[in-house]
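See structure below.
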Protein chains: 2
Amino acid sequence: MNEETERRLTIDDVAKVAGVSRSTVSLVLRNSGLVSERTNIAVREAAERLGYVYNRTAAIRARHSYLVGIIIPDLTNPFYSELTAGVDQILNDSGWISLLGNSWESPASQEKILRRMHEQNVDAVIVCPVTAADHTAAENLTRSGLRVLQVLRRTEADTSYLGIDYSHGVALAVDHLFELGHTDIVLLGGDRAYSAATERYEGYMSSMRSHGLEPKHVPCALRRSAAADKVRELFDKQNRPTALICFNDVVAIGAMATLERMGLKVGRDVSVVGFDNVADAEFVQPPLTTVDTHARQLGERAAMLVLDSIQNGSSIAPTTIMETSLVVRDSTGRAPSRA
Amino acid sequence: MNEETERRLTIDDVAKVAGVSRSTVSLVLRNSGLVSERTNIAVREAAERLGYVYNRTAAIRARHSYLVGIIIPDLTNPFYSELTAGVDQILNDSGWISLLGNSWESPASQEKILRRMHEQNVDAVIVCPVTAADHTAAENLTRSGLRVLQVLRRTEADTSYLGIDYSHGVALAVDHLFELGHTDIVLLGGDRAYSAATERYEGYMSSMRSHGLEPKHVPCALRRSAAADKVRELFDKQNRPTALICFNDVVAIGAMATLERMGLKVGRDVSVVGFDNVADAEFVQPPLTTVDTHARQLGERAAMLVLDSIQNGSSIAPTTIMETSLVVRDSTGRAPSRA
DNA sequence: CTGAAAGCGCTTACAG
DNA sequence: CTGAAAGCGCTTACAG
């Protein structure tokens with residue numbers, strides 16, 4: 001940390017050593033083809049020798065900041081960390097870098113992050129909006145004049161959207177359980193307050209009806225412990241379901257743990273389907289049948305959409321929907337025969 | 001996205017509307033106490049009304065960039081996402097924002113990220129260095145003239161360091177198993193190529209010896225699947241251990257899944273101890289006994305150390321070590337009696 | 001192909 | 001307390 005003593009080198013220092021003008025150094029550093037091979041080399045050598053580091057912050061007239069924001073509700077959820085890793089990967093490959101913001105589902109926090117990213121002059125922001133029904137939060141996404149891509153959750157904000165076909169995903173789960181002979185299939189989790197939840201709900205309802213089955217939705221917070229509590233309630237009663245479709249894998253893992261503790265064998269006494277196909281899904285006991293939402297690829301796609309738009313100065317494709325796929329493991333099995 | 005048409009507002013626009021000079025607006029926006037209450041309000045109102053957003057990028061003469069980099073080897077590992085969430089939380093609370101970089105354990109990638117963060121003029125970078133024994137990578141950490149805090153892994157680079165007392169953590173695990181009557185205790189995972197691994201190894205060795213037990217280390221890559229493979233090998237033979245201390249929870253979860261598949265009951269036939277106390281540890285079957293490394297608090301502490309140093313213009317405390325604690329759950333039990 | 005000059009949107013002494 | 005001027009380290013027309 002010798003910033004205090006030695007000031008940071010500038011483009012002028014490089015110019016002096018290379019024996020060219022400041023403009024020329026600037027052109028070389030930005031890989032402009034305009035400069036002769038000889039000058040090019042001389043400048044690069046000088047920069048290297050001096051240990052010069054480009055100061056992008058000072059390039060306020062440049063077209064891009066090479067910063068893209070990514071705002072998610074909970075980095076601690078493995079689905080979101082996969083998604084974020086996907087975004088980061090693609091951004092890095094193209095020379096951009098990610099500004100991270102974890103909103104913890106708080107509209108106020110999302111606001112603060114969004115504004116700070118704007119202040120940092122990001123080229124775009126990829127945001128998975130908070131679920132709280134906060135109109136201001138949604139509006140601010142558009143009002144800002146920023147390039148915004150909403151992911152996973154569609155709010156009223158009129159921005160581009162990259163989503164998942166949740167409805168179809170849930171239908172895959174219902175079909176799978178129906179084929180195994182299940183009829184009492186509960187949807188566990190979600191509160192229908194935001195698109196990712198309502199879409200699942202609608203997919204569940206229509207798919208159940210098309211099979212002539214009675215739907216039953218049990219809302220539940222998206223934490224392992226909340227799921228554990230709900231399941232205890234649900235299975236304490238007489239009319240136990242034979243199958244659970246969980247809002248996501250985190251809920252499913254919480255549910256399974258409780259079922260096993262209650263002495264119910266998952267995959268035999270009760271079938272459980274998760275959603276997301278998180279890394280652990282394969283390694284819990286029993287391995288979890290789940291709807292894969294391809295988090296990593298989703299993140300990668302988000303970054304690509306945004307970079308495309310930045311580099312071409314075009315707007316982001318208004319709507320992109322990605323498909324899910326069912327991964328069958330041991331947490332689902334034939335419905336137990338009614339005694 | 002009307003940047004194309006409407007240019008971004010500047011401090012001068014605000015000044016004109018508020019009827020003051022550019023300097024005054026600048027002072028107000030930075031909460032300088034020098035400005036009168038009346039002027040303060042007038043300027044803020046004007047800014048608000050116009051929808052002005054401060055352009056921090058242009059403040060190249062300002063003392064801070066309000067950017068702090070965080071470089072980790074794998075965001076997908078729940079330990080690191082907790083850590084990152086902790087860092088992000090504290091930074092946000094203080095008005096800073098995190099630049100994320102996922103190195104995937106690649107020295108080249110770490111280099112690239114580090115340089116890009118430097119170019120973005122970060123106030124500091126918190127880095128969990130790649131494990132590959134790459135001297136250049138380590139040296140570059142110091143050479144850069146950046147404010148750097150190494151976390152978890154200590155390289156040759158002469159920077160400040162925030163770590164965990166791994167050695168003591170492993171000793172806690174060995175003691176616990178010893179008290180349960182175990183004598184054949186294997187350390188699974190780690191390759192001793194970097195500090196976080198050697199420290200665990202040394203803690204294991206000395207603790208085993210102090211109990212008069214024969215140590216046995218089985219190296220293993222830190223992925224669930226690699227752990228699964230190693231365990232299959234290890235338990236295919238005659239001389240099976242009765243207990244496993246795993247490098248981290250991810251390894252433990254992979255190991256447990258395999259053991260159960262082989263028909264061994266974890267907590268009865270074999271005891272398994274993890275490391276980290278990841279969120280899932282409580283919810284796998286059986287719940288995992290593990291050494292809690294307090295990832296979230298570690299991240300928070302890292303951010304605090306760095307912010308302190310930025311705000312006071314001082315250097316970061318050279319060494320900080322945090323303690324672990326043992327969380328006993330059901331994956332460990334009394335050693336099976338020898339037939 | 002290269003350089004001198006003006007400019008980006010802020011901050012920082014310096015006067016008053 | 002406030003403003004005019006110079007400055008930060010780059011980029012961008014514009015000449016030649």
Side-chain angles (χ1 to χ4, degrees), chain A residues 3 6-44 46-47 50-67 115-116 118-123 145 313, chain B residues 3 6-44 46-47 50-67 115-116 118-123 145 313:
Chain A
E3 311 142 275
E6 295 175 43
R7 65 176 181 73
R8 183 164 176 172
L9 293 166
T10 75
I11 213 177
D12 287 311
D13 296 311
V14 178
K16 200 175 297 164
V17 170
V20 298
S21 79
R22 188 210 305 212
S23 331
T24 303
V25 175
S26 176
L27 291 173
V28 171
L29 293 178
R30 284 175 296 130
N31 297 311
S32 153
L34 296 175
V35 185
S36 74
E37 192 54 19
R38 250 185 90 217
T39 317
N40 230 305
I41 293 174
V43 170
R44 288 191 191 286
L50 291 171
Y52 168 78
V53 176
Y54 182 70
N55 187 345
R56 202 175 291 287
T57 297
I60 48 185
R61 295 190 71 187
R63 194 155 23 225
H64 303 135
S65 67
Y66 292 91
L67 251 26
R115 167 165 269 258
R116 228 168 259 159
H118 199 169
E119 291 185 356
Q120 293 286 1
N121 211 12
V122 290
D123 293 326
Chain B
E3 308 141 275
E6 295 174 42
R7 65 176 181 72
R8 183 163 175 171
L9 294 166
T10 75
I11 212 177
D12 288 311
D13 296 311
V14 178
K16 200 175 296 166
V17 171
V20 298
S21 79
R22 187 210 306 208
S23 332
T24 303
V25 174
S26 175
L27 290 172
V28 170
L29 293 178
R30 284 175 297 132
N31 299 311
S32 152
L34 296 175
V35 183
S36 73
E37 191 56 19
R38 250 185 89 217
T39 318
N40 231 304
I41 293 174
V43 170
R44 287 190 192 288
L50 291 171
Y52 167 78
V53 175
Y54 182 69
N55 187 345
R56 202 174 291 287
T57 298
I60 49 184
R61 295 191 71 187
R63 195 157 22 228
H64 303 135
S65 66
Y66 293 91
L67 251 24
R115 166 165 272 257
R116 228 169 257 159
H118 200 170
E119 291 185 356
Q120 293 287 0
N121 210 12
V122 290
D123 293 326

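In the text below, chain A, chain B and the rest are named by the order of the sequence lines, each starting its count at 1. If you're wondering where the values come from, they're calculated on a predicted model, not measured in any experiment.
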(message) Measuring to OP1 and OP2 of D/dT12, would you say a side-chain N or O of A/Arg30 lies under 4.0 angstrom away?
(response) yes

(request) With DNA chain D as reference, determine whether B/Val20 or A/Ser26 sits nearer its 5' end, using the nearest nucleotide of each. (result) B/Val20

(request) Compare the minimum distances between each of D/dT11, D/dT2, C/dC10 and the side chain of A/Ala59, then state the nucleotide with the smallest one. (result) D/dT11

(message) If you assign B/Arg61 and B/Leu34 each to the DNA chain D nucleotide with the nearest heavy atom, which residue ends up on the more 5' nucleotide?
(response) B/Leu34

(request) Can you figure out which of C/dT2, D/dC10, C/dC10 approaches the side chain of A/Ile11 most closely? (result) D/dC10

(request) Both distances under 3.5 Å, Watson-Crick or G-U wobble: on that basis, could you give the dot-bracket string for DNA chain D, with [ ] for crossing pairs and | for other-strand partners? (result) |||.||||||||.|||

(message) How many whole angstroms separate atom CD of A/Glu119 from atom P of C/dG9?
(response) 16 Å

(message) Without decimals, in angstroms, what is the distance between B/Leu29 CG and C/dT11 P?
(response) 7 Å

(message) Whether A/Arg116 engages the ring of B/Tyr66 as a cation-pi pair (distance to the six-membered ring centre under 6.0 angstrom, angle to the ring normal within 45°) should be assessed.
(response) no

(message) Can you tell me which nucleotide in D/dC8, D/dT11, C/dT11 comes closest to the side chain of A/Ala62?
(response) D/dT11

(message) Taking only side-chain N and O atoms of B/Ser36, does any of them lie within less than 4.0 angstrom of OP1 or OP2 on D/dC1?
(response) no

(message) Quick check for you: to the nearest 0.5 Å, what is the distance between B/His118 atom NE2 and A/Arg8 atom CZ?
(response) 4.0 Å

(message) What is the distance, to the nearest angstrom, from the CZ atom on A/Arg56 to the P atom on D/dG9?
(response) 17 Å

(message) If I compare all heavy atoms of B/Ile60 with all of A/Thr57, which pair ends up nearest, and what's the gap?
(response) CG2-O, 3.3 Å

(request) Return no unless some side-chain N or O of B/Ser21 is found under 4.0 Å from OP1 or OP2 of D/dG3. (result) yes

(request) Please round to the nearest 0.5 Å and tell me the distance separating atom CG of A/Asn55 and atom CD of B/Gln120. (result) 9.0 Å

(request) Scan A/Thr57 against the nucleic acid and name what it touches under 4.0 Å (heavy atoms): base, sugar-phosphate only, or nothing. (result) nothing

(request) Provide, to the nearest angstrom, the distance between the CG atom belonging to A/Asp12 and the C1' atom belonging to D/dT11. (result) 13 Å

(request) Verify the contact: side-chain N or O of A/Ser23 to OP1 or OP2 of D/dT11, cut-off strictly under 4.0 Å; return yes or no. (result) no

(request) Give the minimum heavy-atom separation between A/Val14 and A/Ala47, together with the two atoms involved. (result) CG1-N, 4.0 Å

(message) Quick check against the 3.5 Å criterion: does B/Arg44 have a side-chain atom that pairs as donor or acceptor with the backbone of B/Val28?
(response) yes

(message) Distance check needed: D/dG9 P versus A/Leu9 CG, whole Å only.
(response) 10 Å

(message) I need the B/Thr10 OG1 to B/Lys16 NZ distance, nearest 0.5 Å.
(response) 8.0 Å

(message) Quick check for you: among C/dA4, D/dC10, C/dG9, whose closest atom lies nearest to any side-chain atom of A/Arg22?
(response) D/dC10

(message) With a cut-off of less than 4.0 Å, is there a side-chain N or O of A/Tyr52 near OP1 or OP2 of D/dG9?
(response) no

